Every structure is written in structure tokens, then in C-alpha cells.
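Have a look at the structure below, then the notes.
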Amino acid sequence: MYSHKKIEKKWQAYWEKNRTFEAAEDPEKKKQYILDMFPYPSGDGLHVGHPEGYTANDIFARYLRMNGYNVLHPIGFDAFGLPAENYAIKQGVHPKESTEKNITHIREQLLAFGFSYDWSREVTTSSQKYYHWTQWLFLQLYRKGLAYKKSAPVNWCESCQTVLANEQVVSGECERCHTAVVQKKLEQWFLKVTAYAQELLSGLETLDWPAPIKTAQRNWIGKSEGAHISFPIADSHLSISVFTTRPDTLFGATYMVLAPEHELVEKLKKSMTNQYEVEAYQKATQKKSELQRTQLEKEKTGVALGGVYAINPATQENIPIWIADYVVPSYATGAIMAVPAHDSRDFSFAKKYHLPVRMVVCPHYPAPTCPILDEAYEGDGHLVESGKFTSMKNIEAKKAIAESVGGVLHTQYRLRDWLISRQRYWGAPIPIIYCANCGTQEVSEADLPVLLPTDVDFRPTGESPLMRSKKFHRVSCPKCGKRARRESDTMDTFMCSSWYYLRYPSADDAHHPFTQEKTSYWLPVDMYVGGAEHAVLHLLYARFITKALCDMGFLSFDEPFARLRNQGLILGEDGEKMSKSRGNVINPDDIIDAYGADTMRIYIMFMGPLEDAKPWNTSSIMGSRRFLDKAWDIFMKTADEDADAQSSEFLTRLLHKTIQKVTNDIVTFHFNTAISTLMMLLNGMQDAVKKGIPVGKKTKETFLLLLSPFAPHIAEELWESLGHAETLAYRAWPLYDEALLIEDAVTLVIQINGKVRDTMEVAAGISEDEAKKPFKWTLYKNGLQEKKSKKLFLSAEKFSISCVGSLK
RNA sequence: GCCUGGGUGGUGAAAUGGUAUACACACGACACUUAAAAUGUCGCGCCGAAAGGCAUGCGGGUUCGAUUCCCGCCCCAGGCACCA
């Protein structure tokens, strides 16, 4: 047993005093930028899920230092935003105050884990010296037309009293409070992420990121290729523009559908015979939440515009126009051409309302007749009933048909622009001034930061709290000097976190957000570790900002995070997600107090693969603690004379195999198996001690170096006990001797018909033929021939020899 | 519905074509102890006295040999979704 409290405090103080992990730019040395997703300073502090990714990345950072890399491993706090603000309101204190308090607590927690952070570069997004540059970033985007204000239906959360970005709406609910989101038409600030849709998509190819995250981003961007086609409205100068991915089915378009909110509906009201019915349907649609409207398996409804027809430009037929809420206003043109024969949604709608179904793509061409459909046929085939295109393969006719009616090929993305205005207090003010004479004016860079006033009633009411501060919003116009009004919304906190990785290297620079010199040395980030929940939030926004800054010439790279790894959820002991209401939350402070940070680090990595969801099990922690106790015990019991020469060959080989396996496992992020390998080495050392075989100093030192990224405190302490005066954090990582990995003898496994029948020891390196020589003899020896019938003997002619390890 | 993962002992898991269950946890027996804890030793997939047989979600296939590769299905978790 060792005193974790004593030695962990001791080494944390040592690292701090000696600035062990502070990094300096050194052009002579290869750099590695190892980044953690920075935490929200929530009132509950860290729970055991947070340190999982932090520990993994810390092991990697420590490993890289020992391999001679100049490692930047910074940390900070994502301190603006709803969680911090809601917590403050609940506690009845100012967010500034509670945020500072929470940061102090979390900083202590992180220090208690012994993470090798460079604390001199700590960044807090709610500090003036940080949000100054968030505002600067907004201005750069504004000047390039990438930040704009528009009136649009937006997602509104009644409970949070603010608008939300699309990415913050999870199946129709607010991602934070799970209140159903409603649509509101408001004038808001957007960032033009859509301008980068294609680059955000193709950039994924170059990234070493987990496949599920890449897939999530691809789905979110949602690229579709097709065409815009215009359908004239009969007896009118108006027309309906639709986007379709299936222009080949144009001859089968038997009706059209507009979203009930479509602007043409208003214009057509005069001509329609059932205006009252149409308006009733529009009102009913408006009442529905996004959630109700996109409900699964809901029966489709709609209303035809009486007496109004569109003309199918291919067939020149008049076709009816409907409004239906299965067509959404926000995607593409908010209108579709309906081809019931070849689209399942149009098919079920047409069946319900007895609209004609005309098959134009036939799978069995040239069959005399097409089958009668009982569901839409969405596959490929040959065109029928399609004028001069009949008999062509449908995929080959797409472009020709679109162009024959004046259609234009078009690529449509599902991605929408990022809404960044928030009607809340705790965020960076948007640096814009509205003047009655001069219009929208930017705050000049010299006047930044626009300070967030602290003397404001910040409770949310649906209106921006900053509106209540005359001192804040009454300003003079930067252009004409007359009285003007300052923008009173704040920025989405994801705006703050979309660029923080650029700030760390230049954290102490008061005059620039980031400098050329430091940025070009450290960036891009080499390894980024965090939760998968940011798949289409932070990780998409950060990529967008990087690409935009790159195009403006501020950066010379356009992807911020070269490699990404996700940690999985740590579940409660009941296998459920940890939550206060379930009462299954584990506090890391308690675990560190009882077992120590080293034990916690080992356990959390030993639980299973990093990316998997794993249930917490307090009784299992003892296993990790026992491992460290055992190590301590061996070091305390044995003399550290130079006895490596007398050590057993077995132990020497085991040591070198361990070096190889642990090294491979760290670089591939397989920390659980790295630890089990270290356990086997220690078991081997313990056996040797029991048998009176000396365990040499070299062996012990190597063990400590391998252990140190995982359990740095005890490793430092034992390293010191071997007579070293300085930290092992920069000691060279052990190398293994290839020759010692090769076995003299290998075990061959003899299988007959796939079943293990015998094993034998042979010299390594013998040929297969040689290995097979004693085979018949082995058969006799084991009595297989006598025992089994001829049949077995015959089939035994086909035999296989398996080899454990390698014949070589 | 589509796209990702995944399904192995009592539990967390290991093995990515070659002795399935490494490393741990839990459990059991024993030793030490006045006792308990700690520690140590042994055992621990299932059936069987043993020989042996059977086991990696289910059913097929490829192979001398499949947890691993291929085809079909079931179940679990996550993401996307009237997206035209």
C-alpha cells in the first residue's frame, strides 16, 4: 500500500513549480498539438465521463514528449452560454460570479488528475481578452458577406427564451432542455455555412476522423444532385420552380405540391375556387410544431387549389396544384413535382386522393405492358410513355429531359445557414450598430471589445436582456455620429468555441487573436479528443470558421483537426446514462480521494475500448489499485542493484514484448490492452521475485517509463526512489530489441478437420514440410487410427497444422 | 425506412483467418490471523465420473481451419429522415 494522497500532491506541486509541461515554440523540434475539447464550467463540476477523453489524450501527449516531440497540450473553459447562465439563475447569482467559481473548482479537479497541461496558456471564452477576438472574428465574416441579417422562420425554445440553430434542435426538441421547438419569424444574424457546403463535404476525405462522425457530417450537409425545372401556371404569367433529383420521371409528374407556406399560394388566392378551405389548411399547418409535422408514419394530408392548374412542360398537360404539409418550405424551392409512380411519398398521397399514377420507368423493358403498381417503383429501368425519350435508360435521360424543358442542373444541400443570434445575456455581444440614417454599421476594430455590461437584469424574457440597458444600447453612429442603437443580441456560444484552438498558441497576445508565427508553428491540431455529441455542432462550425479564415488569408490550412478520436459514454453502475435524477452519478473527486488519481486513470482506461459506452463498476476499481500496489511492493522489496545480467531470459523477453505491445497500443489508442500488457509484465516480475530471480534496475526503469503516461505520479515517485533527481517526463521512451521478440521454439497445434488434436514444440524457423514429418507418428501416438474408423483416417489425409506465434 | 456501430463466461472485456475466453472484476476453497481486513495459493464457459462433446445472437456459404471473410435473418445502441 502506498499513500496516493502524499505522492500525488507532491508531484503535482513539482510539475507546477518546474513548469514541466509548458511548451515553447522551437523550430528545431517537431511539434505535436494535442487538444482536448474544453469543458463547460457547469456547477456540478466534472463527472467521470469527462476525464475519460482527457486521460486518453494525456497518455498520448506524455508518450509523444518521451519520443522527443515538442508537445502543446493546452486547456481552457467554454464559459459563455446557456448552461452557465441557467445555473447562475437557479443559484440566484451573477453568471460571472458562478462561472468563476465553477472554473476554480474544475481547474482543481483537472489538476488533481495530473493532466500534463500547459496552464500558462489557459483560455476562458467569457473573458474580455477572449471575446474581444470573437467579436473581431464576427467582423471579418461580416465584411466578407459571410455574416448577414435576415428575417426568417427560426427555431424558438420557450423554456430557454431564445432562438436555436438547426444543429441545436434534436428531433424537434431543444438539445438542452428538451422543450418542443416552435417556429417564429424573426430578424436574426446568420453565418453563411452553406457557402462552404461542398468544401465541408469534400474536406472530410482528407481527415483521420471516426467514420460515424464523418457520416453524420455527410448526412447533415445532405448533398443531392438534380435540376431546377419550371412549371408554368395555366392562364397566368406565374410559374412554379421545383427541385427534383429525378428529371427522368418528368413525363410521370401528374400533380404538383406546394408547401402550405409557399409565397405563390397568396398570389393564387384570387384565382382559386376554394380559398376558405386552403386558408384553413394553412392555419392548421401553422399550429403544428416541427415535431408533429415530421412525425413518423403520419398519414399525408393536403388540399387542392380549386380551378388552378400547372402545365407539365414535357407533356403540356394541365395538372392540379395541391398544398400539403409533407412538403416543407425550408428545403430547396418548397415545391415539388409529384411523380406517384416513382416516389413512395407521392404514391401514398396519390392513392389517398385518387390522383393518376403514370409509370414512366419500366424495370422489364421491352415488356408489352408495365406492371400495375401497388407501391412506387424507385429503381432504374427504361423510359416508357416519355415522348422522344421512350426506350432510353432512365439514368441516361436525366440531363436531356431536364434541358429539353429549359431546366437547369443543380446541386442542392440540406445544410442551412447557422443562426448565431441569441436573446440571452451570457454571451459575446454582436459588434453591430443600427443607425436610422446610415443603416447597419460595424463597430470599428479599435472600439472592440464591445463590453458585456455586468449591471443588467439578465433574466430571460424572450427579449434580449441587453435591450434593458440604455447605457449599453444607446450609442452614437460610428459614421454620422447621430444617436443610434447597438445590437442587443449575443452570439451563440458555439461561435466562441469555433476558434479557441487558434487562441491557445497566442493566448498571451493582447493585440492579435492569433499570430502568424505561433499559428504556423503549432497548427493545425494533430490530435483532438472529445465526445461524439459534437458531430454536427462544434466540429462542423470549427471547420467552417477555419475554411473562412483560410480564404481570407489569415490561415494557411483549411482543416483545423487532422485527427479526431471520440470517447464513449461512461454509464452508471445500473447501465443507464448518468443523471442526477437517477442518482447514479459518480463524482471523480470521491474516487480520487479514496483510490488516487493514478488508480482512476488506470481504471478509466482499462474499462474497455475508448470509443465504447461502458458501465461504471466501483468494485472493479480495486483491480487497478491492486496493480499499482503490487508495483509499489515490488519496488520497495527488491534491491536496485544492477542485476539485469542475472535476470531470467523469460523476463527479458517479456519486457521487450511489453515495450512493443504498449508502444503499438498507445499510438493506436488501445489503452485497455496496453494496461493489460503492463499487468502481465508486472505479474512476470512478481513471479521472478517469488522464485528468487533478480529483477534488475534496467527492467524496473523500463517498466516505470512504460507506466508513466498512464500513472504518472507513482511512476515519478518510484523513478525518484531509483536515484533519479529529475522528472521522467522527458526521458526517452524505451526501445525494444527485435531479436528478443523471436522465440527459439514455437508450439504447433495439430488440427484434424478443424479440431485440435495435439500440440508439439518445434524449433522456430523449420519449414512446413519438416514440421509435417512427424505427423503420422503423432496420429498413431494418440491412438486416433485405432479409435476411429477408416473414414477418419482418410479425411485425416487432409490435415492442417496450426502454428502459434510463427514458424519463422 | 436509410446510414453507422455492436451482439463472446456470472461481469468489464481479449483475440481480425490458426490452441476462443488473455487481462481484470465477482465468486468458491485453502493458507496466514484470536477475528476481520489485507495478502498469498488454487479453482472458475456449459454438459460429463472420465474419454469426450458442445459453446462467440440465429441460419447458410467459402476454407484443412471462421468470433474474424461472404450471403440472409433477428436483436440492441446511436445518427438521419415526408429533404423532393
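Chain letters run A, B, ... following the sequence lines, proteins first and then strands; every chain starts at 1. Note that the structure is a prediction, hence the values are computed from the model and not measured.
- When each of I621(A) and T333(A) is assigned the nucleotide of RNA chain B bearing its nearest heavy atom, the one mapping closer to the 5' terminus is I621(A).
- At a threshold of 4.0 angstrom between heavy atoms, the contacts of R626(A) are confined to the sugar-phosphate backbone, with no base atom among them.
- In this structure, E533(A) reaches neither bases nor backbone, as no heavy-atom distance under 4.0 Å exists between it and the strands shown.
- Residue contacts shown for S344(A) are absent, as no nucleic acid heavy atom lies under 4.0 Å away.
- Secondary structure note: stems in RNA chain B built from 3 or more consecutive Watson-Crick or G-U wobble pairs under 3.5 Å occupy B:1-7 with B:74-80, B:10-12 with B:23-25, B:27-31 with B:39-43, B:45-47 with B:52-54, B:57-61 with B:69-73.
- In summary, of the residues considered (I213(A), L207(A), D208(A)), a side chain to side chain contact (heavy atoms under 4.5 Å, CB included) with P210(A) occurs for I213(A) alone.
- Under 4.0 angstrom from either OP1 or OP2 of rG79(B) there lies no side-chain N or O belonging to R218(A).
- Checked against rU4(B), rC23(B), rA84(B), the side chain of F606(A) finds its nearest nucleotide in rC23(B).
- For Y255(A) and F349(A), the gap between ring centers is short of 6.0 Å.
- Near-neighbour residues of RNA chain B inside residues 665-676 of chain A, defined by a heavy atom below 4.0 Å, number-ordered: N672(A), T673(A), S676(A).
- Set against rC80(B), rA22(B), rA24(B), the side chain of M680(A) has rA22(B) as its closest nucleotide.
- Here rG40(B) is the nucleotide among rG40(B), rA84(B), rG79(B) with the atom lying nearest to any side-chain atom of K630(A).
- Base orientation of rG28(B): anti, since the glycosidic angle falls outside 90° of 0.
- In this structure, the side chain of N672(A) does not engage the main chain of M605(A) through any donor-acceptor pair within 3.5 Å.
- Residue contacts for D612(A): at a heavy-atom cut-off of 4.0 Å it reaches no nucleic acid atom on any strand shown.
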